[in-house]
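All values below come from the heavy atoms of this structure, side chains included, with hydrogens, waters and symmetry mates left out. Both counts, for ligands and for their atoms, begin at 1 and track the order of listing.
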Amino acid sequence: MSSLANYQCRSLVWLRRDLRLHDHRALAAALAQRGTICPVFVFDTDILARFDNPRDRRLTFLAEQLAELNRRLAARGGRILLFHGRAAEIVPRIAAALGVERVIAGRDYEPASQARDAAVAKELNNHGIDFEQPVDHLIVPAERVRKGDGTPYKVYTPYSKQWRAALLETDYAEAVVKDDGRYADPADLSRELNKAGQPLLQSPTDADAILKQIVYQRADTAMWDIRRGHELLADFAAGRMAQYREERDFMARPGTSRLSPYLRFGFVSIREAFRAARKTIGDGVWVNELIWREFYAMILHFFPESATEEFNPKYRGTLDWNRSDADFARFCEGRTGFPIVDAAVRELLETGWMHNRARMITACFLSKDLFIDWRRGEEFFAQHLMDYELASNAGGWQWAASTGTDAAPYFRVFNPWLQGKKFDGAGAYIRRFIPELRNAPLQRLHEPPPDDLFAGDADYPAPMVDHRQAKEKAIAEFKKAEERFSTRDQ
Ligand SMILES: Cc1cc2nc3c(=O)[nH]c(=O)nc-3n(C[C@H](O)[C@H](O)[C@H](O)COP(=O)(O)OP(=O)(O)OC[C@H]3O[C@@H](n4cnc5c(N)ncnc54)[C@H](O)[C@@H]3O)c2cc1C
């Protein structure tokens with residue numbers, strides 16, 4: 001028997017934001033075709049170039065999941081082929097070397113990914129190979145939800161209404177993966193790839209070995225167990241989802257799902273999260289959050305420049321930000337002297353996650369109280385968030401900085417003292433993340449210290465700014481920016 005019959009693989013499934021083996025649009029599409037299939041994942045050096053922490057938590061999370069999926073696939077006769085290098089080059093090269101008919105990958109709406117995918121499509125086309133991109137990461141394709149005149153929405157509420165009107169049952173139906181006996185023989189594939197000069201990463205069922213080959217080290221991800229996503233969804237749906245509206249803003253309570261890292265990398269499919277919500281609450285506030293995720297993805301798709309530029313043209317290049325590196329460093333260390341802000345930043349540094357209310361408070365504090373460019377905050381979050389998602393992060397930062405689509409107006413500046421009092425009244429969140437304040441009286445957590453204490457406690461600094469003055473200054477700066485814009489425009 002010729003080895004061709006064994007390794008001949010018709011469809012290559014390129015995994016990216018969909019690291020699971022169930023409810024999977026790309027796998028289901030490949031399995032709907034004749035012939036064997038082969039899943040592939042590339043640790044893309046174009047993306048890794050931005051991951052300069054050798055112990056980045058997200059890479060451990062990914063390596064563990066890939067190792068786990070490979071253990072499961074081994075039992076079904078398959079394997080995810082792992083590569084390290086430029087995905088834009090590797091994918092067309094291996095597709096051509098293996099003689100596949102098509103490459104299938106879930107659609108990615110980020111501008112850099114779209115550019116990479118366009119280059120991959122062109123290269124595959126040169127080899128006569130199709131490139132299919134089913135929408136998997138969103139429930140409703142970003143292009144579908146538009147205003148009557150065909151233009152994209154810029155405001156969330158009418159968008160969410162139209163999103164609900166445009167939703168089809170097929171959008172959230174399970175993409176069933178029936179894969180028995182459908183994987184190309186991994187040993188044969190590996191031999192062919194070696195012949196073609198494209199070596200695979202070895203020991204694909206061992207996360208540590210995978211990390212070593214891509215030159216990263218294991219990070220502490222105890223709190224982000226790769227198997228926990230479905231448990232979180234089931235627990236949340238069984239109880240807290242119904243109380244989400246009342247509980248979601250209290251940072252010390254488990255009022256939100258904490259599913260974001262699992263949704264970001266597709267360990268849990270967005271469709272199963274949505275189905276769980278339909279079954280439990282029908283529609284409601286938690287579903288709105290899933291629609292916010294789709295809203296920001298849609299905004300990034302239609303307005304890719306909004307990843308780096310102010311969405312509102314009035315503020316594009318007109319705001320004269322505070323460029324102090326020292327002020328920014330204090331924010332990033334969680335030593336601003338505002339307990340609720342510092343607790344939030346330390347939560348991020350310690351766990352790789354931050355509560356949504358805390359993200360809003362810290363983003364507002366950086367961009368208004370410190371008047372530091374939101375892009376610096378966006379980049380800081382991007383380095384640390386387990387769930388980092390360009391669309392939601394840039395969207396969230398621009399919302400808080402009042403520069404974005406449907407953003408908070410510039411004169412609405414959160415008072416961090418009142419936010420702390422309201423959403424962490426007993427101080428449990430602050431005390432959990434700021435050990436220096438563990439024994440401090442509640443007043444110290446929620447009120448600016450009196451003048452005699454203004455120099456700061458022994459271990460914890462005094463507030464960097466006076467909130468009231470900082471707010472007035474920020475508002476004045478926004479007014480100046482609007483003046484600059486109107487004179488520039490004449
Ligand atoms: C400044 C700032 C930066 C942010 N950066 C990110 C980011 O990089 N990645 C990210 O996934 N979310 C981001 N968010 C949105 C939100 O804070 C997180 O999605 C949420 O805290 C995740 O926690 P959860 O899974 O418990 O959410 P839940 O409250 O349980 O919500 C369920 C899911 O809905 C989505 N979601 C919820 N709120 C939003 C929102 N406002 N915008 C978009 N999607 C939302 C998430 O996928 C989330 O997992 C940001 C918000 C702000 C204000």
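Remark: distances from the non-hydrogen atoms of Arg264 to ligand 1 are all 4.0 Å or more. Using a non-hydrogen distance threshold of 4.0 Å, Tyr262 does not register as a contact of ligand 1. Under the 4.0 angstrom criterion for non-hydrogen atoms, Arg258 is in contact with ligand 1. Ligand 1 does not have Trp399 within reach: every non-hydrogen atom of the residue lies 4.0 Å or more from it.
Of the protein's non-hydrogen atoms, Trp292 CB, 3.9 Å is the one closest to atom 40 (C) of ligand 1. Scanning the protein for heavy atoms near atom 4 (C) of ligand 1, the closest one is Asn393 OD1, 3.5 Å. Closest to atom 47 (O) of ligand 1, if we only count protein heavy atoms, is Arg293 CD, 3.3 Å. The nearest protein atom to atom 28 (P) of ligand 1, hydrogens excluded, is given as Trp286 NE1, 3.6 Å; this is a heavy-atom distance. Here the protein heavy atom with the shortest distance to atom 6 (C) of ligand 1 is Arg359 NH1, 3.2 Å. Here the protein heavy atom with the shortest distance to atom 48 (C) of ligand 1 is Ser260 CB, 4.2 Å. What sits closest to atom 33 (C) of ligand 1 on the protein, heavy atoms only, is Leu290 CD2, 3.8 Å. Of the protein's non-hydrogen atoms, the one nearest atom 8 (O) of ligand 1 is Glu389 N, 3.0 Å.
Ligand 1 has no nitrogen or oxygen under 3.5 angstrom from a nitrogen or oxygen of Ala363. Considering backbone and side-chain N/O of Ser257, one or more are found under 3.5 Å from N/O of ligand 1.
The distance from atom CG of Asn70 to atom CD of Gln65, rounded to the nearest 0.5 Å, is 10.5 Å. From Phe478, atom CZ reaches atom OG of Ser367 across 6.5 Å, with rounding to the nearest 0.5 Å. For the atom pair CE (Met251) and CZ (Arg357), the distance works out to 7.5 Å, reported to the nearest 0.5 Å. If you take CZ on Phe61 and CG on Leu66, they are separated by 11.0 Å, rounding to the nearest 0.5 Å. How far CG of Leu319 is from CG of Asp373: 8.5 Å, rounded to the nearest 0.5 Å.
Those atoms of ligand 1 that come under 4.0 Å of a heavy atom in Tyr388, given as number and element, are 8 (O). Atoms of ligand 1 found under 4.0 Å from any heavy atom of Leu263, numbered from 1 in the order shown, are 47 (O), 49 (O). Close contacts between ligand 1 and Trp397 involve ligand atoms 1 (C) [criterion: under 4.0 Å to a heavy atom]. The Tyr296 neighbourhood of ligand 1 comprises atoms 42 (N), 43 (C), with distances under 4.0 Å to a heavy atom of that residue. Those atoms of ligand 1 with a heavy atom of Leu385 less than 4.0 angstrom away are 5 (N), 7 (C), 8 (O). Per-residue contacts place Met360 under 4.0 angstrom from the following atoms of ligand 1 (heavy atoms of the residue considered): 53 (C). Near Tyr244, meaning under 4.0 Å from any of its heavy atoms, are these atoms of ligand 1: 28 (P), 29 (O).
Partner of Asp424 under the side chain to side chain contact (heavy atoms under 4.5 Å, CB included) criterion, chosen from Ile361, Leu445, Ile340: Ile340.
For Arg258, there are no salt bridge (charged side-chain N to carboxylate O under 4.0 Å, His left out) partners at least two apart in sequence or on another chain.
Taking the six-membered ring for Trp and the full ring otherwise, Phe338 and Trp417 have centroids separated by under 6.0 Å.
By the 6.0 Å and 45° rule, Arg58 stacks over the aromatic ring of Phe51. With a 6.0 Å cutoff to the six-membered ring centre and a 45° limit on the axis angle, Arg253 counts as a cation-pi contact of Phe250. Under the 6.0 Å distance and 45° angle rule, Arg20 does not count as a cation-pi partner of Phe267. Remark: Arg376 qualifies as a cation-pi partner of Phe328 under the 6.0 Å distance and 45° angle criteria applied to the six-membered ring.
By the criterion of a heavy-atom distance under 4.0 Å, the side chain of Trp353, and not its backbone, is placed next to ligand 1. The proximity of Phe295 to ligand 1, defined as any non-hydrogen pair under 4.0 Å, does not occur for either the backbone or the side chain. Contacts between Asp387 and ligand 1 below 4.0 angstrom, taking non-hydrogen atoms only, involve backbone and side chain alike. Contacts with ligand 1 closer than 4.0 Å are made by no heavy atom of Phe236, backbone or side chain.
Selection from Ile291, Asp249, Asn356 by nearest heavy atom to atom 16 (C) of ligand 1 gives Asn356. Of the listed residues (Ser392, Gly255, Gly395, Ala382), the one carrying the non-hydrogen atom nearest atom 43 (C) of ligand 1 is Ser392. Looking at Met354, Glu289, His355, Glu378, it is Glu289 that brings a heavy atom closest to atom 35 (C) of ligand 1.
The aromatic rings of Trp292 and Phe295 sit perpendicular to each other, their planes meeting at more than 60°, with 30° as the lower class boundary. The aromatic rings of Phe236 and Tyr244 stand perpendicular to each other, their planes meeting at an angle above 60°, with 30° marking the opposite boundary. Ring geometry, Trp224 versus Tyr262: the interplanar angle falls from 30° to 60°, so the pair is classed tilted.
In this structure the side chain of Glu350 reaches within 4.5 angstrom of the side chain of Arg432, judged on heavy atoms.
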